[in-house]
Amino acid sequence: MAVSSAPGKVYLFGEHAVVYGEPAVPCAIEVRARVGVEKRADSKLRIHAEDLSLDGFTVEYGGTADGPPDVDVSESLLTAAMGYVDEAIEQVRDVTGEEDVGFDVTIESEIPLGAGLGSSAAVVVAAIDAGTREFGTTLEIDELAERAYQTEYEVQGGQASRADTFCSATGGAVRVEGDDCRSIEAPDLPIVIGFDGGAGDTGELVAGVRQLREQYDFAADTVDAIGDIVRNGEEALEEGDLEELGRLMDFNHGLLSALGVSSRSLDSMVWAARDAGADGAKLTGAGGGGCIVALDPTDETETALSYTPGCADAFRAELAETGVKRLE
Ligand SMILES: Nc1ncnc2c1ncn2[C@@H]1O[C@H](COP(=O)(O)OP(=O)(O)O)[C@@H](O)[C@H]1O
Ligand SMILES: C[C@@](O)(CCOP(=O)(O)O)CC(=O)O
Ligand SMILES: [Mg+2]
């Protein structure tokens, strides 16, 4: 069996606009998904997802062509467990040429699902890495990131950027603009996360922004304006200017709200952080529900969030210097 882990991330700037070629700056954080892959004697795919329901569950089936497997969990959980993992396994087959081999895949993750912390990218990066290593092939990080991107692109119906997957594969802070992906220097940022306990549907939210952008000039201008904020943000990051970074994150959140991807609980958490004296706060990832990211070197924001109605969890996150980790 081969086991790999990969980190989640927050977007300091640029989600959604990155889908249309604007730059974005995500930053990997120390919450990880760990995926074990072992080849089987038969051609079945068995997915054991520890964290998809209270006690986790296991599905075993002959592949998507077989139709949905017969297990006692909701269809949305099943689709959730299978979509990204199925596609990641396709990538493993493509790399190794092993068309007919079955796999046991075990997923354990500390990353809340659909909450903007990049659980999908982390699961896909770790699954492709472990799956290929199970056959003795260790992919270069760039190829791993590219294949993980292809996986997200397929599952999200042709709408994805390289930001999440590149960040999860390489770790640290990265800058992504179209297919230009690079690591950048970042100071040790005082990142605080607020989580409303909910989730958003990435595919649906991305489709909503696309439609708005086609229908209204203001929305196309908003996407361009997010690009400007990201460019300013890169300068502030280089200078280690926390106050300016925070101000720009506030602007970025306002523009994401204008594009319709915030929510009442995300807005409440953003305002609680600002009121507590955070340098800035914004939603992270696709939105609709899930997490906000704030910058605050003091304990005030974390404390304020823990008393905010609608906030289910508040915690400090460390930058993950390392992306994929090859564990076994
Ligand atoms: N622990 C896990 N086990 C299996 N699949 C997972 C796990 N974590 C995430 N996923 C997959 O990723 C999807 C969530 O991805 P997405 O909507 O992009 O949100 P995010 O990447 O922000 O968490 C889940 O619906 C599921 O398909
Ligand atoms: C909205 C988007 O920019 C980021 C989505 O991030 P997440 O899956 O919600 O963590 C989509 C993408 O870049 O593929
Ligand atoms: Mg995702």
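Along the sequence shown, the residues carry numbers beginning at 1. Counting convention: from 1, in listed order, for ligands and their atoms alike. Not measured: the values here are computed from a predicted model.
- A salt bridge does not link Asp129 to Lys325: none of the charged nitrogens lies less than 4.0 Å from a carboxylate oxygen.
- Looking at Gln156 against ligand 2, only its side chain comes within 4.0 Å, counting heavy atoms.
- The single protein non-hydrogen atom nearest to atom 14 (O) of ligand 2 is Ser161 N, 2.9 Å, given as residue, atom name and distance.
- Here is the list of ligand 2 atoms found below 4.0 Å of a heavy atom in Gly118: 10 (O).
- Considering backbone and side-chain atoms together, Val206 places no N or O closer than 3.5 Å to any N or O of ligand 2.
- With respect to atom 9 (O) of ligand 2, the closest heavy atom belonging to the protein is Ala286 N, 2.9 Å.
- At a heavy-atom distance under 4.0 Å, no atom of Ala199 approaches ligand 1.
- Inclusion of Thr202 in the first shell of the Mg ion (ligand 3) is not supported: no N, O or S atom falls under 2.8 Å.
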Q: For Leu256 and Thr222, run side chain to side chain contact (heavy atoms under 4.5 Å, CB included): C-alpha distance rounded to whole Å, both residues' side-chain angles, the deciding distance at 0.1 Å, then the answer.
A: CA-CA 8 Å; Leu256 288 165; Thr222 302; over 6 Å; no

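- Annotation: Asp164 places an N or O atom under 3.5 Å from an N or O atom of ligand 2; distance criterion only.
- Heavy atoms of Ala121 stay at 4.0 angstrom or farther from ligand 1.
- Of the residues Val293, Val174, Leu319, Thr284, the one that meets the side chain to side chain contact (heavy atoms under 4.5 Å, CB included) test with Cys27 is Leu319.
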Q: Please lay out, stage by stage, how Asp164 and Lys9 fare under the test salt bridge (charged side-chain N to carboxylate O under 4.0 Å, His left out).
A: CA-CA 7 Å; Asp164 286 30; Lys9 55 99 235 286; 2.7 Å; yes

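- In this structure, Arg40 pairs ionically with Asp42, as a charged nitrogen and a carboxylate oxygen lie closer than 4.0 Å.
- Of the options Ala49, Ser109, Gly8, the smallest heavy-atom separation from atom 1 (N) of ligand 1 is shown by Ser109.
- By the 4.0 Å N-to-carboxylate-O rule, Arg175 lies close enough to Glu177 to be salt-bridged with it.
- Near Val18, with a cut-off below 4.0 Å to any heavy atom, the atoms of ligand 2 are 3 (O), 13 (O).
- We find that Arg264 and Asp267 are not joined by a salt bridge, their nearest charged nitrogen and carboxylate oxygen being 4.0 Å or further apart.
- In terms of polar-atom proximity, Gly116 is counted as a contact of ligand 1, with an N or O under 3.5 Å from an N or O of the ligand.
- You'll find the side chain of Val35 reaches within 4.5 Å of the side chain of Val105, heavy atoms only.
- Under 4.0 Å from ligand 1, the heavy atoms of Leu117 that appear belong solely to its backbone.
- Atoms of ligand 1 found under 4.0 Å from any heavy atom of Pro112 (numbered from 1 in listed order, with element): 23 (O).
- Looking from atom 10 (O) of ligand 2 to the surrounding protein, the closest heavy atom is Lys9 NZ, 2.7 Å.
- In terms of polar-atom proximity, Ala160 is not counted as a contact of ligand 2, lacking any N or O under 3.5 Å from an N or O of the ligand.
- Comparing Ile107, Thr165, Val35, Val155 by heavy-atom distance to atom 2 (C) of ligand 1, the nearest is Ile107.
- Within ligand 2, the atoms closer than 4.0 Å to a non-hydrogen atom of Glu15 are 3 (O), numbered from 1 in the order shown.
- Contact annotation for Ala122 and ligand 1: no heavy atom of the residue comes within less than 4.0 Å of the ligand.
- Remark: Arg213 is positioned above the aromatic ring of Tyr20, its terminal NZ or CZ atom under 6.0 angstrom from the ring centre and at most 45 degrees off the axis.
- Taking every heavy atom of both residues into account, Val31 and Ile111 meet most closely at O-CD1, 3.7 Å.
- For the pair Phe166/Asp142, a side-chain contact is recorded, criterion being any heavy-atom separation below 4.5 Å from C-beta on.
- At least one N or O atom of His16, backbone or side chain, sits closer than 3.5 Å to an N or O atom of ligand 2.
- When each atom of ligand 2 is checked for a heavy atom of Gly285 under 4.0 Å away, the hits are 6 (O), 9 (O).
- Nearest non-hydrogen protein atom to atom 4 (C) of ligand 2 is Tyr11 OH, 3.6 Å.
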(Q) Please determine whether side chain to side chain contact (heavy atoms under 4.5 Å, CB included) holds for the pair Glu22 and Val223, giving the CA-CA distance in whole Å, both sets of side-chain angles, and the decisive distance to 0.1 Å. (A) CA-CA 8 Å; Glu22 298 296 336; Val223 166; 4.1 Å; yes

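- Listed by number with element, the atoms of ligand 1 under 4.0 angstrom from any heavy atom of Ala115 are 22 (O), 23 (O).
- For ligand 1, none of its N or O atoms has an N or O atom of Asp164 under 3.5 Å away.
- Judged by distance alone, the side chains of Glu87 and Gln91 never bring a donor and an acceptor atom under 3.5 Å apart.
- Using a cutoff of 4.0 Å between basic side-chain nitrogens and carboxylate oxygens, Arg247 and Glu244 are scored as salt-bridged.
- The line from OG1 of Thr151 to CD of Glu146 is 10.0 Å long, rounded to the nearest 0.5 Å.
- Taking only nitrogen or oxygen atoms, main chain and side chain alike, Glu152 does not reach within less than 3.5 Å of ligand 1.
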